[in-house]
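Report on the structure given below.
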Amino acid sequence: MTNSIREIEGMEVIFVIGSNTKETHPVIANRMLKAIRKGTRLIVADPRRVPLVRFSEIFLQLKPGADAALLNGMAHVILKEGLCNDEFINERTEGFDEWKKSIETFTPHNASKITGIPEEEIIKAARLYGGSRKAGIFYTMGVTQHTHGTDNVNAIANLALLTGNIGREHTGISPLRGQNNVQGACDAGCLPNVYPGYQRVDIPMVKKKFEDIWGVPLSDKEGLKSTEMTLAADKGSLKALYVMGENPVMTDPNIGHTIEVLKKLDFLLVQDIFFTETAALADVVLPAACFAEKTGTFINTERKVQLVRKAVEPPGDAKEDTWIIAELSGRLGYPMKYSSAEEIFEELSSLWPALSGISYSRIRTHGIHWPCPTKDHPGTEYLFKAGFPRGKVSFTTVRYLPPAEAAGLDYPFVLTTGRNLFQYHSGSMTRRIASIEKHAGEPYVEINTEDAKKAGIKDGEKIKVASRRGQIEIKARVTDRISNGILFIPMHYREAAANVITTDALDPHGKTPEFKVCAVKIGKIKVSGE
Amino acid sequence: MVKLNIDGRMIEVAEGTTILNASRMLNIEIPTLCNHPKLTPFGGCRLCLVEVKGVPRPLTSCTTPVSEGMEVTTSTPALEDLRKTVLELILSDHPNDCMICEKAGDCTLQELAYFYGISPYNPPLLKGDKGGFLGERRIYEKRDGNPFIERNMEKCILCGRCVKVCDEIQGVGAIDFAYRGFKSKICPPFERDLDCEFCGQCVAVCPTGALTGKMWQLRGRQKDIKEVDTTCAYCGTGCNITLHVRKNEVVRVTAKEDKWNEGWLCVKGRFGYTFINSPDRLKKPLIRIAPKHIADFGFRISDLNSEVRNQQSAIFKEVSWDEALDYISAKLKEIKEKHGPDSIAGLSSARCTTEENYLFQKFMRAAVGTNNVDHCARL
């Protein structure tokens, strides 16, 4: 997030696109509600009538994968009606004129045809967002998990640049992180192209810096992204995989393929708190400590570094991940000696100026937002106050491209996937919680009332949902929350795993799979003996 | 700004401030049950009554805004007598089973009864105690089948905090007041089972034992509880939570009002902690003993967890850390020698701490020698 959660209160307009905030980030939704009660106006764009829609002034129920067309259409209206922020565009951006041309074809009429949203609604939303200078955009995987996810994010950035809704309090672009410490994992350098603090591995000076500090020669070759690892394992060039606290069998697209590929590996090491679906394929499984059993930091979606404190001892012989990694490293001839998590944090913060002002003692009661370069710096709630790091920032031309798979004769429905309120991600934690299982323990597919009627499907009936990759049997939840022709399956349930069906088509830049759109068909299950 | 006098002390506060909040600024304690700093005032419990010069009757300080030159008295024998009577009336319709109540030790009603020296309704137990009120009690059947929130409506004092928090903070409105007078109660529509987002905000603000967590039952109250402030491990919001620990077990999760999330949590943050103690937790390093093709038969997506556990013991054997670590390092060395460091990759975790992630990438880069390290940011 460029801005902080606190700043939601004080925004005039909140534009939520591709985020089921009330279910996936409920406490951020609480903050939005608080703002709305004080007069903030809300726009929600989503293929589903998600719970947040109840609080919105404008609901844009777009077709899955049509985000870029909607965003460009809004930009078109903002431009045409002169709602853009000329001063901001002149002073802080470049490439405006060229981009402006690319927007010309995105008339409300055309955008409406692609998105399925009435023209006047697109215009209304554009006026509301474009007319405010205190407006924030919030999005999650509904925008990014597409073959053109990067384009969608660029289209969001264009809107913020066009209106100057960035670099000030109560504005900004806010991707809501789906996991407790995605931000921290990225910041700490668990990315194939950068060292901690987003310092590129292929810049010799940077590499030298890390070689000096770590005391070993390092590789300047950019590594594989997670989705590319699957491809490399399939080809046979990847032989061993060390998985710490992830469950790719459940979370990667096209499960059948994932399992096949993981089995091809010579060696699979899984370190987790539970015997996950992925652990079942491992050569060695190591028992790890969970968040309540260790000390460290999580960095949340707003870049705030917060403490995690040990409350209980891990069960049996389970160990903290840092202990396991250090033991392994020593055995591979690279000893790591740390007496505490704090010492590790100090090493990390010394390598990246954005963290150098943060220490455990400073975040004992309240976290601090990075960048925080010095010990007396209060942290940075919102970015780009003093301008963009590279000077002027560019508008990016975004064309509308349809998803990799379209609904057709054989597979007439579009399936979109996501989370629900009660379960969490691959379910390895929440599916072991009796109360959650009792309340939300059963997989389901959301199907529109009319579609269900046409197919003769009753609410609660078990049906078949199949794509070109696989098939599952799952209970139908007949609802008007979803539009005609679209189905939704939450990803958590192994017994009817959505990712058996999903496509492994990737965004060419971010390598994010297109979980949000694939073509499927449905069918009734014949009961034998009937 | 408005100037006024409270208990002989002058204070200047913003227009619209209530007498209660102005008093709090002066650290003057006025008892209340229904008022909550994050919710709109209600004026339901009548405990916060104060006297204002020139006004013939006492006023509820939580709903009365200050005015210029106001002279407020927060405590007089008459006011304290009123408060005591109100409390006695509440307790006359209360189970008074603090002995076995989950909330004991953390209960506003219990605290007030203690400070006002009120013994349960009757008979007069102490010399000089005139005894409380005696009368009919509302008896309700506990029959809510939801798995998260225990609703014991006999302990409800109708302060309305839960109704307000559900509407004002959560925007759900799952419950409201029903019926009138003595029969008033708070319930979901048509007195059905609670079916809501189960954020437990209502549990957090309940001043009595009427609303508690189902999974907290008989796990420990206040005695021998160690509170540990930490950060929630679910989504990226990063809510500040407090783990209540008893005998090496997390028995309850709460959130503090002075943290950035203002005490609010979601169903997972508040009630989704029991995985910590799950019998399914991995407790020993495991090494595969069966060849991999057996997994073909053993692992099907539709398998239930218990079947996975059985499969776990059929395919893996428990080993010591030394054995596991030696085996792994021998394997990795062998693969690195034969195919080069780029034939090895690591998937780190957005679920782990920053420190663990830092060490993980350092391990892959410095010990293994590859940049093949990523995590699930895209999934």
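Proteins get letters first, then strands, A, B, ... in listed order; numbering begins at 1 in each. Model, not experiment: these values are computed from the prediction.
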Is it the backbone or the side chain of [X] that comes under 4.5 Å from a heavy atom of chain B, or both, or neither?
X	result
A/Leu269	side chain
A/Gln423	backbone
A/Met141	side chain
A/Val305	neither
A/Asp220	backbone
A/Ala29	neither
A/Val201	side chain
A/Ser428	neither

Distance alone, cut at 3.5 Å: any donor-acceptor contact between the side chains of B/Lys268 and A/Thr430?
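On atom types as modelled, these side chains do not qualify, holding no pair under 3.5 Å.
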
Is the shortest distance from a Lys or Arg side-chain nitrogen in [X] or [Y] to a carboxylate oxygen in the other one below 4.0 Å?
X	Y	value
A/Glu277	A/Arg494	yes
A/Asp272	B/Arg351	no
B/Lys284	A/Asp317	yes
A/Arg431	A/Glu495	yes

Against chain A, label [X] side chain, backbone, both or neither, depending on which of its atoms sit under 4.5 Å from a heavy atom there.
X	answer
B/Val373	both
B/Tyr327	side chain
B/Tyr234	both
B/Asn277	neither
B/Ile289	neither
B/His339	side chain
B/Lys331	side chain
B/Leu243	side chain
B/Cys199	neither
B/Ile335	side chain

Using a heavy-atom distance cut-off of less than 4.5 Å, which residues of residues 247-256 of chain B contact chain A?
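Contacts with chain A: B/Asn248, B/Glu249, B/Val250.
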
Could you pull out all residues at least two apart from [X] that satisfy salt bridge (Lys or Arg N to Asp or Glu O under 4.0 Å)?
X	result
A/Lys34	A/Glu9, B/Glu262
B/Asp193	none
A/Lys319	none

Do you know which of [options] has the most heavy-atom pairs under 4.5 Å to chain B?
options	value
A/Arg177, A/His25, A/Met429, A/Lys438	A/Met429
A/Glu302, A/Glu327, A/Lys294, A/Arg419	A/Lys294
A/Glu222, A/Glu343, A/Lys304, A/Gln183	A/Lys304
A/Ile5, A/Thr295, A/Asp266, A/Ile472	A/Ile5
A/Glu347, A/Lys511, A/Gln145	A/Glu347

More than 12 heavy atoms of other residues, nucleotides or ligands under 6.0 Å from [atom1] of [X]: yes or no?
X	atom1	answer
A/Lys310	NZ	yes
B/Lys317	NZ	no
A/Arg6	CZ	yes

Rounded distance [0.5 Å steps], NZ in B/Lys259 versus SG in B/Cys239:
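With rounding to 0.5 Å, NZ (B/Lys259) is 12.5 Å from SG (B/Cys239).
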
Reported CG-to-SG distance for the pair B/Leu282 and A/Cys290, which is rounded to 0.5 angstrom
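Answer for the CG-SG pair, B/Leu282 versus A/Cys290, is 12.0 Å.
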
Is the NZ or CZ atom of B/Arg365 both under 6.0 Å from the centre of the six-membered ring of A/Phe210 and within 45° of that ring's axis?
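Ring-cation test returns no.
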
Side-chain donor or acceptor of A/Asn181 paired with backbone N/O of B/Cys352 under 3.5 Å:
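Checked: pair present.
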
Between B/Phe316 and A/Phe275, ring centroids under 6.0 Å:
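Ring centroids of B/Phe316 and A/Phe275 are less than 6.0 Å from each other.
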
Non-hydrogen atoms of B/Tyr358 and B/Gln361 that approach each other most closely
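Between these two residues, the closest heavy atoms are O-NE2, 3.0 Å.
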
